[in-house]
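Report on one structure; see the data block that follows.
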There are 2 protein chains.
Amino acid sequence: MRKERKERLEAKGWKVGTAREFLGLSDEEAAYIELKLRLAESLRKRRRHRRLTQADLAMLVGSSQSRVAKMEAGDPSVSLDLLIRSLLALGTSSRELSRIISSPRFASAT
Amino acid sequence: MRKERKERLEAKGWKVGTAREFLGLSDEEAAYIELKLRLAESLRKRRRHRRLTQADLAMLVGSSQSRVAKMEAGDPSVSLDLLIRSLLALGTSSRELSRIISSPRFASAT
DNA sequence: GACCGATATGCCGAATTTGACATATGGTAG
DNA sequence: CTACCATATGTCAAATTCGGCATATCGGTC
């Protein structure tokens with residue numbers, strides 16, 4: 001996998017709609033990144049809802065505060081795997097997970 | 001991550017309903033494995049629908065035939081990450097992805 | 001201002017995941 | 001049976017991701 005490329009940038013300031021137009025991303029890469037950001041956003045929302053600190057969540061999933069911070073930031077160094085595992089650890093159901101994945105981050109438009 | 005445990009077995013003969021009852025899996029682990037199996041199943045279905053061989057798909061996602069075989073078998077050595085990336089490479093939309101994730105593998109019942 | 005809890009960022013060695021290869025198995029046509 | 005193609009399985013070095021740690025930054029409160 002050669003994702004050292006644009007992924008470095010993915011979550012810097014591109015939390016906005018589609019990054020696709022700014023960088024030269026393939027549909028597939030764009031979809032992957034979008035997905036990651038949706039999960040990241042949701043993770044943070046759910047953690048806060050439960051009134052947990054990043055450190056709490058880290059403990060819960062057997063990770064570290066810094067990794068949780070990276071997850072929520074959509075950092076390229078975190079995999080969908082860990083993101084999803086964390087959501088599951090927070091008690092997210094498949095049903096809810098599916099909703100997260102299909103929900104538009106803003107309004108896809110265009 | 002200490003998944004060397006039961007995951008060794010996960011995809012052996014446990015394509016059935018919930019593995020949860022046989023092995024001592026936590027809700028979270030069970031959900032994770034179920035999810036993986038759903039994606040695996042879907043990947044195979046979609047690849048076949050497109051009349052592609054595992055080698056074709058491998059080429060498409062920049063992987064190898066053996067890895068594709070492992071993906072479709074839900075092998076513990078493949079991550080959700082790769083599984084999802086492959087589905088995306090096959091043109092699966094977020095919408096479809098979400099449907100895959102929430103769809104029961106059989107009939108969850110009980 | 002100083003202090004404090006929460007979060008962000010950079011780094012590193014350890015652990016996991018990957019692609020590739022060899023090889024085995026399965027099915028099918030000749 | 002042989003040949004061929006698709007798929008399965010095992011292994012391994014290289015690449016990626018991991019947890020943990022140190023440290024920086026960001027509000028609040030005093």
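A note on names: the letters A, B, ... follow the listed sequences, proteins ahead of strands, and every chain is numbered from 1.
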Review point. Once you round it to whole Å, what is the distance between P of D:dC26 and CD of A:Q54?
Key: 15 Å

Review point. Which atoms form the tightest heavy-atom contact between A:L97 and A:T92, and what is the distance?
Key: N-CG2, 3.9 Å

Check your understanding: Within the structure shown, what part of the strands sits under 4.0 Å from A:V68 by heavy-atom distance: base, sugar-phosphate, or nothing?
Key -> nothing

Find every protein N or O atom lying less than 3.5 Å from an N or O atom of nucleotides 21-24 of chain C, and list the pairs.
{"unit_1": "C:dC21", "atom_1": "N4", "unit_2": "B:S66", "atom_2": "OG", "d": "2.5"}

Review point. Can you name the closest pair of heavy atoms from B:V78 and B:R67 and give their distance?
Key: CG1-NH1, 3.7 Å

Check your understanding: Would one find a side-chain N or O of A:S63 under 4.0 angstrom from OP1 or OP2 of D:dG19?
Key -> yes

Exercise for review: Please state whether the phosphate of C:dT18, meaning OP1 or OP2, lies under 4.0 angstrom from any side-chain nitrogen or oxygen of B:S79.
Suggested key: yes

Study note, to complete from the structure: Contacts of A:S94 meeting side chain to side chain contact (heavy atoms under 4.5 Å, CB included) (sequence neighbours excluded), chain-then-number -> B:R38

Point to revise | DNA chain C: 5'-proximal contact among B:M71 and A:A69 (nearest heavy atom) | key: A:A69

Review point. Base, sugar-phosphate, or nothing for B:R48, non-hydrogen atoms under 4.0 angstrom?
Key: nothing

Check your understanding: In whole angstrom, what separates B:L57's CG from C:dA20's P?
Key -> 13 Å

Check your understanding: In whole angstrom, what separates B:R85's CZ from C:dG19's C1'?
Key -> 13 Å

Point to revise | N/O (side chain, B:R44) to phosphate O (OP1/OP2, D:dA8) under 4.0 Å | key: yes

**Study point:** A:D75 CG - C:dA8 P separation (whole Å)
**Key:** 11 Å

Revision key, fill the gap. In whole angstroms, the gap separating P of C:dT16 from CG of B:D81 amounts to 16 Å

Point to revise | Distance (rounded to the nearest 0.5 Å) between A:E28 CD and B:L90 CG | key: 9.5 Å

**Study point:** Heavy-atom closest contact (A:A58 atom, A:S64 atom, distance)
**Key:** CB-C, 3.3 Å

Review point. Taking atom C1' of C:dG5 as reference, at what distance in whole Å does atom CG of A:L52 sit?
Key: 15 Å

Point to revise | Side chain proximity check, A:I100 to A:K45, heavy atoms < 4.5 angstrom | key: no

Check your understanding: Between atom CG in B:L43 and atom P in D:dT7, what is the gap in whole Å?
Key -> 12 Å

Practice item. Using whole Å, report how far OH of A:Y32 lies from C1' of D:dT17. Key: 10 Å

**Study point:** Atom pair CD (B:E29) and CZ (A:R85), whose distance is rounded to the nearest 0.5 Å
**Key:** 9.0 Å

